[in-house]
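To start, the structure under review is shown below, and the notes come after it.
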Amino acid sequence: MDATFVHVDPAVTSAEQLARLDAHWRAANYLSVGQIYLLDNPLLREELRPEHVKPRLLGHWGTCPGLNLVATHLNRAVVEHDLDAIMLAGPGHGGPAMVANSWLEGTWTETYPRVGRDEQGMARLFRQFSFPGGIPSHVAPDVPGSIHEGGELGYSLAHAVGAVFDNPDLVAACVIGDGEAETGPLAASWASSAFVDPERDGAVLPILHLNGYKIANPALLARIGDHRLAALLRGNGWEPYLVASDEHNDDPELAHRTMMATVDRVLDRIGEIKRAGRRDDVAWPMIVLRTPKGWTGPDEVDGEPVEGTWRSHQVPLGNVHDDPDHLAQLESWMRSYSPDDLFGDDGAPAEIVTSWLPTGERRLGANPHANGGRLLVDLELPDHHDFTVEVESPGRERSEPTAALGVMLREVFRLNDDARNFRLFGPDETASNRLGAVYEATSKAWQLDSLDSDVQLAPDGRVMEVLSEHLCEGWLEGYLLTGRHGLFSCYEAFVHIVDSMFNQHAKWLKSTKEIEWRVPIASLNYLLTSHVWRQDHNGFSHQDPGFVDHVVNKSADVVRVYFPPDTNCLLAVASQCLGSRDLVNVIVSGKQPTMNWLTPQEADLHCDRGIGIWDFASNDHGDPDVILACAGDVPTQETLAATSLLREHLPDLRVRVVNVVDLMRLQGEHEHPHGLSDAEFDSLFTTDRPIIFAYHGYPWLIHRLAYRRHGHPNLHVRGYKEEGTTTTPFDMVVRNDIDRYHLVMDVIDRVPSLGPRAAMLRQRMVDRRARHRSYVREYGDDMAEVRDWSWNPSPR
Ligand SMILES: Cc1ncc(C[n+]2csc(CCOP(=O)(O)OP(=O)(O)O)c2C)c(N)n1
Ligand SMILES: [Mg+2]
């Protein structure tokens, strides 16, 4: 094997072919510059004057010529290889390039008819870019053909891989910035080569763009030398082919010829790999593209080198309005592309630019995979009642919620086996999260060697396990964006690793809701388990319920958060989430044996409502002295245990138990589509009685959601307050004052009528907490009265 890159001899091709490729590339470059700079005079029919230039110059030039080169050559390959292809721009700040390509192939005008393919349309194309009322500067959802905005760098390759899962004929060409390649998620993404099945999946074609620079610094991979870079890529399962512009960079012909030949070769190689089928030593081909940053732009500005340096990253000529030299340089830069040869008198692209481009849905901006909702087939869901547990009496028996969900997911896999449109993603935790029943229907995807001691690995497995939350998230997003379904199960504490990726996906969904032609896609579903309250063998590092706090910052149109209190509720909620569209659903549920509270029918009703009074636990007869509210499986158990203590010791106290499954019900109806009206909220919580709320996560969130409610001054929330360690389950709740004894104390402290009457009970609660503390230290386990507790209240 070659020690460094594979070199392919430049193609021997006709002058016409080269002229066509170069014309397309120059046209795209011209349009990219035009978008950054011009308000008017789009074809430079007049001498350029300051008033033709935008008042604020916003955009990124440096990456555009590289993206355009890739798009030009991908277009040729789509036609000549009859490819079904999409293109992802990792450096999504190169928005002008992708918009330019869309306009040239016609998809922009089809999507936005106001922006015609003529002079006036070109003026509008230029004006709209990074302009109020226009379009964003990045490859945002507004751009036809985009599934990847690339605003936050790092996710391009993971998205591309997710896109080709179960799309055997799709090629996802993915440009990766050499700066982007320094990010953790992108660095991890190279490992994806071991998860793409040559038979069942399509192919990703990574194009690592070594333009040498980021915003203000050299890029690492451009400086480590060919041997180290090639070794890194090969070690990750890729065979790197090099395409480099000539030494002086002033003759693109060599780049065109090398790119042409190399693209042909790598596509042939992909074909060979797919024909050869599964082998554990597959090295997928990829391209290392070495061209100068800001290629074809100004060579020098104000005496400083710009082309081929970091200075070309954004707007190379910044002072066009006031500096006649800058203005002249801009004009000669734009004229260097010979716009008169590229666009006709009417401003439409000339035949040489577009006559050979792909047509119809083969155009990069029209490929249906990039508007995944168009291809979305409903997930066939089993009846979740087939997996529910029987509950004869509430709070007597326990079951493992996620284990039941695992059985339901097994059936989801079976029912959708032919459609091949569902996958489960997780960082090595599917079994640990007790979802192991899925392995009865499918295995874990794995293309490498396997040993006799390995279990449930198979090249065509549909469970994706890799110890990178970034990859799980990125793959799933790519899978969803191209019209499929999935679920990400993750330890609650470590899902924070993808906080930022969630942000970006939520922003994408919010934006697409405002873009009529984007067809809704399946929701991004998180199952957060192994949660804060039950980290018995892991401790403090694993205790962090804050992802939900992060999630609720996002647009109410997009986010939903569920705390099913038991197995039957988890099944009802999961079933609903799996069938939903355009949302991010977060489900938090423990994997440990959890008390069964509701029958399947009660669970359905409760989850439909999202919040409700638990009649079986309440004795308020419509006039409570106190409301005990709860959200989350462990807080629900502590609340019910507190309720039974109150019923035993203070039988006259009228207690109402309210359980919250759908956290967004707490918000106002004008703030969230699931929000309760004030009237509903007041009837549940009253406006004047104390509310003791036991919440799964950080208590402040409940205040944040309910701060406008009439009863808010009476609301007292208990939750996780960052007290934790490796200890018993009950010790965890005691340390955070959310235990049953403390909840009883809270009630006594807040119900004015109790006062001295309950002083003795309060003291007993203090004593029980003290006894608990000494007991766990002596025996290393919870007291029997806690461990063996079940709901058995005194009669009303
Ligand atoms: C995660 C992240 N960190 C920082 C930035 C800010 N940023 C925007 S572009 C850029 C440099 C990108 O360099 P590269 O990937 O090489 O792209 P190109 O050279 O093609 O412009 C940076 C740091 C970002 N967009 N995303
Ligand atoms: Mg770069």
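In listed order, ligands and their atoms are each counted from 1.
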### Task
Check the pair His73, His256 against ring pair (Phe, Tyr, Trp, His ring centres under 6.0 Å), reporting the backbone distance first and the verdict last.
CA-CA 8 Å; His73 284 266; His256 285 310; 5.2 Å; yes

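- Short contacts between ligand 1 and His93, defined as distances under 4.0 Å to a heavy atom of the residue, involve ligand atoms 9 (S), 12 (C), 17 (O), 18 (P), 21 (O).
- In summary, the atoms of ligand 1 found under 4.0 Å from a heavy atom of Asn211, numbered by their order in the structure, are 18 (P), 19 (O), 20 (O).
- At a cut-off of 2.8 Å, Thr63 is not counted among the residues with an N, O or S atom near the Mg ion (ligand 2).
- In summary, Glu180 places no N/O/S atom under 2.8 Å from the Mg ion (ligand 2), failing the contact criterion.
- If you number the atoms of ligand 1 from 1 as listed, the ones under 4.0 Å from a heavy atom of Glu180 come out as 14 (P), 15 (O).
- Annotation: angle subtended at the Mg ion (ligand 2) by Asn211 OD1 and Asp178 OD1 is 100°, to 10°.
- Under a 4.0 angstrom heavy-atom cut-off, Ile215 registers as being in contact with ligand 1.
- Compare Leu67, Leu153, Leu221 by their heavy atoms: the one nearest to atom 8 (C) of ligand 1 is in Leu153.
- Ligand 1 has a nitrogen or oxygen under 3.5 angstrom from a nitrogen or oxygen of Asp178.
- Distances below 4.0 Å separate heavy atoms of Gly177 from the following atoms of ligand 1: 15 (O), 16 (O).
- Close contacts between ligand 1 and Thr63 involve ligand atoms 18 (P), 20 (O), 21 (O) [criterion: under 4.0 Å to a heavy atom].
- Counting only heavy atoms, the protein gets under 4.0 Å from atom 23 (C) of ligand 1.
- Checking each of Leu186, Val175, Leu221, Leu289 against Leu208 for a side-chain contact (heavy atoms from CB on, under 4.5 Å) leaves exactly one that passes, namely Leu221.
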